[in-house]
Amino acid sequence: MQLHHRHDWKLTPTEAIALQHQLRTEVVSDRPIDLDGVQLVAGVDVSVKNEQSQAAIVVVTFPGFLPVETVLAQRPTPFPYVPGLLSFREGPVLEEAFEKLKSEPDVFLFDGMGIAHPRRIGIASHMGLWLQRPTIGCGKTLLCGRYRDLAEEKGSAAPLIDRKETIGVALRTRTAKNPMFISPGHLADIPTAAELVLRCSPKYRLPEPIRLAHNAAGQFSP
DNA sequence: GCGACAG
DNA sequence: ATCTTGTCGC
């Protein structure tokens with residue numbers, strides 16, 4: 001895949017935050033995804049083991065979720081985990097994986113936040129600027145913001161709000177299970193992002209593309 | 001100053 | 001994220 005907006009990774013935390021403030025102005029989070037036109041969806045995830053990060057991108061058909069391409073990439077883990085700066089820890093290895101990708105997914109699902117981030121530029125938004133394709137953030141736990149209690153039934157949702165701003169949605173992808181926190185990455189909006197994630201979660205709490213990517217990323221070569 | 005804190 | 005067996009429940 002062609003990548004744009006690439007930048008140096010050798011940044012101090014302070015510089016990384018400054019870059020986020022600069023890049024956030026480029027993020028488009030109010031554009032509906034053309035759901036009827038989605039044919040390929042990619043799941044993206046990174047696993048860490050012994051100081052090594054392995055990224056996995058699994059592209060599946062939609063609907064159907066049949067894998068059509070899987071790419072892996074490995075690199076030494078460069079940055080310790082710092083809340084709010086996840087993209088700087090996983091970005092380098094993801095960049096390598098994206099370059100190997102031959103197919104062109106209509107949407108990318110990330111394990112982590114989109115604009116539901118203190119500076120509105122979580123990993124899904126940041127990587128979206130590179131990919132220049134719709135991206136969606138799918139977090140398993142909250143980074144920031146609050147939401148009202150939501151019904152137990154699958155499909156129930158509640159707006160995720162931070163500083164009076166709606167930044168995403170708490171979405172129940174499985175009845176009686178903890179909700180997922182969905183937010184637009186880039187070139188997407190909240191309603192269509194939530195709808196696509198729901199359609200990508202036919203059986204488990206995690207969207208199918210992300211589950212597959214998670215499994216692939218956790219498979220380290222001996 | 002005191003908490004909160006994706007993966 | 002990762003360390004890890006069995007176990008409760010549909």
Side-chain angles (χ1 to χ4, degrees), chain A residues 9 13-14 16-17 19-20 23-24 27 29 43-58 72-97 108-129 135-147 152-154 160-165 167-186 188 190 193-194 197 202-207 209-220:
Chain A
W9 285 119
T14 300
I17 290 173
L19 178 58
Q20 290 183 320
L23 295 177
R24 67 179 295 182
V27 177
S29 57
V44 182
D45 190 33
V46 174
S47 182
V48 178
K49 191 171 186 178
N50 300 322
E51 306 286 272
Q52 283 289 310
S53 288
Q54 173 157 266
I57 301 176
V58 178
L72 296 174
Q74 290 144 299
R75 303 205 86 189
T77 305
F79 210 87
Y81 169 68
V82 178
L85 298 180
L86 181 65
S87 60
F88 292 87
R89 172 179 164 86
E90 305 190 338
V93 71
L94 284 178
E95 174 175 11
E96 201 171 299
F108 287 80
L109 267 39
F110 287 78
D111 196 335
M113 305 304 186
I115 63 170
H117 175 283
R119 291 171 291 284
R120 308 293 183 260
I121 179 157
I123 192 166
S125 301
H126 194 154
M127 298 298 101
L129 292 178
T135 60
I136 297 173
C138 308
K140 298 182 290 296
T141 60
L142 213 48
L143 172 60
C144 70
R146 299 183 57 196
Y147 63 100
E152 293 293 285
E153 294 69 41
K154 171 178 181 175
L160 182 57
I161 298 173
D162 183 46
R163 287 179 287 163
K164 302 294 185 183
E165 186 180 352
I167 58 176
V169 59
L171 175 68
R172 201 86 82 179
T173 51
R174 283 286 273 159
T175 295
K177 304 295 273 185
N178 292 147
M180 289 290 294
F181 301 98
I182 312 304
S183 58
H186 181 48
I190 297 174
V197 168
K203 190 173 166 63
Y204 303 98
R205 183 170 85 116
L206 294 191
I210 290 183
R211 288 186 67 250
L212 297 172
H214 191 315
N215 292 163
Q219 216 71 35
F220 280 79

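Just so it is clear, the structure is predicted and the values come from calculations on it, not from any experiment. In what follows, every heavy atom counts, from backbone to side chain, and hydrogens, waters and symmetry copies are set aside. Per chain, numbering begins at 1; letters A, B, ... match sequence-line order.
OP1 and OP2 of B/dC5 both lie 4.0 Å or more from every side-chain N or O belonging to A/Thr141. For the pair A/Lys140 and B/dG7, the criterion of a side-chain N or O lying under 4.0 Å from OP1 or OP2 is met. The side chain of A/His117 places no N or O atom within less than 4.0 Å of a non-bridging phosphate oxygen (OP1 or OP2) of B/dC5.
Atom C1' of nucleotide C/dA1 and atom CD of A/Gln52 are separated by 15 Å, given to the nearest angstrom. Spacing between atom CZ of A/Phe88 and atom P of B/dA6 amounts to 17 Å, rounded to whole angstrom units. Between A/Ile115 atom CD1 and B/dA6 atom P there is a gap of 18 Å when expressed in whole angstrom units. A/Asp111 has its CG atom 6 Å from the P atom of C/dA1, to the nearest Å. The distance between atom CG of A/Leu94 and atom C1' of C/dA1, rounded to the nearest whole Å, is 14 Å. Straight-line distance from the CD1 atom of A/Ile121 to the P atom of B/dG7: 18 Å, rounded to whole Å. Residue A/Glu51 contributes atom CD, which lies 20 Å from atom P of B/dG7 at whole-angstrom precision. A/Glu90 has its CD atom 13 Å from the C1' atom of C/dT2, to the nearest Å.
Counting heavy atoms from C-beta on, the side chains of A/Phe220 and A/Asn50 never come closer than 4.5 Å. You'll find the side chain of A/Met180 reaches within 4.5 Å of the side chain of A/Leu206, heavy atoms only. Two residues are said to be in side-chain contact when any heavy atoms from C-beta on lie closer than 4.5 Å; A/Phe79 and A/Pro13 meet this criterion. Using a 4.5 Å heavy-atom cutoff, the side chains of A/Arg89 and A/Val82 are not in contact. The shortest side-chain heavy-atom distance between A/His117 and A/Ile167 does not fall under the 4.5 Å cut-off.
Residue A/Leu85 is classed as a base contact, given a heavy-atom separation below 4.0 Å to a base. Looking at heavy-atom distances under 4.0 Å, A/Gly137 makes no contact with the nucleic acid at all. Counting non-hydrogen atoms under 4.0 angstrom, A/Ile123 reaches a base of the nucleic acid. Using a 4.0 Å heavy-atom criterion, one finds that A/Gly139 contacts the sugar-phosphate atoms exclusively. Within 4.0 Å (heavy atoms only), A/His126 reaches no atom of the nucleic acid at all.
Here A/Ile121 contributes atom CD1 and A/Leu23 contributes atom CG; the two are 4.5 Å apart, rounded to the nearest 0.5 Å.
Per the stacking criterion (ring centres < 5.5 Å, plane angle < 30°), A/Tyr81 stacks onto the base of B/dG7.
When base pairs are accepted only as Watson-Crick or G-U wobble with both N-N or N-O distances under 3.5 Å, DNA chain C takes part in no stem of 3 or more pairs.
Under a 3.5 Å cut-off, the side chain of A/Arg205 and the backbone N or O of A/Asn178 do form a donor-acceptor pair.
Heavy-atom contacts from other residues, nucleotides or ligands closer than 6.0 Å to CD of A/Glu165 number more than 12.
Taking a cutoff of 4.0 Å between a charged side-chain nitrogen and a carboxylate oxygen, A/Glu153 and A/Arg172 do not qualify as a salt bridge.
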| task | Would you please test A/Leu160 and A/Leu142 for side-chain contact (heavy atoms from CB on, under 4.5 Å) and show each step? | result | CA-CA 10 Å; A/Leu160 182 57; A/Leu142 213 48; 3.6 Å; yes

Strictly under 3.5 Å: I want the nitrogen or oxygen pairs between protein and nucleotides 4-6 of chain C, one per line.
none

